[in-house]
**Q** 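Sharing a structure here in structure tokens format.
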Amino acid sequence: MIINLGLGRTPDSARPITIRSIISALKKADIVSVKFGTGGTTLNYPPDEIDLYKVYSAIEPNAMKKMIGIHPMPSPLCPVGKNIYKVLKNHTAKYVMIWR
């Protein structure tokens, strides 16, 4: 449901192009099916088989990089930056497994 706050415009998250983009990403990830013509979108799996990670990854392809962002070129002079990838590597893998 969209609530009109009297501002004269639709919130960006409810604009048709945003909705189409999200539906398209979910279709590409085989989460939903879309019927052409009159339209209609249906889930391809029961809701309890669709996890948050799959939906988020479909909509945001670089999901893990955005959630667990590590600078790609840390300074070799920085004691934290030069070792952070080695330290977080195993923890990041565990985090991904929890999401899935």
**Q** So which heavy atom on Pro61 is nearest to which on Ala58, and how close?
**A**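 Of all heavy-atom pairs spanning Pro61 and Ala58, the closest is CD-O, 4.4 Å.
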**Q** Can you tell me how far apart CZ (Arg20) and OG1 (Thr18) are? Round to the nearest 0.5 Å.
**A**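 Between atom CZ of Arg20 and atom OG1 of Thr18 there are 9.0 Å.
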**Q** Please set out all donor-acceptor pairs under 3.5 angstrom arising from side-chain atoms of residues 26-35, sequence neighbours excluded.
**A**
residue, atom, partner, partner atom, Å
Asp30, OD1, Asn44, ND2, 3.1
Asp30, OD2, Tyr45, OH, 2.8
Ser33, OG, Asn44, OD1, 2.4
Ser33, OG, Asn44, ND2, 3.4

**Q** Examine distances only and state if a side-chain atom of Ser57 and a backbone atom of Tyr53 form a donor-acceptor pair shorter than 3.5 Å.
**A**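 Yes: the side chain of Ser57 pairs with the backbone of Tyr53.
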**Q** Applying side-chain contact (heavy atoms from CB on, under 4.5 Å), name anything that partners Pro79, two or more places apart in sequence or on another chain.
**A**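 Pro79: no side-chain contact (heavy atoms from CB on, under 4.5 Å) contacts found.
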**Q** Working to the nearest 0.5 angstrom, can you tell me the gap between Ile19 CD1 and Thr41 OG1?
**A** 10.5 Å
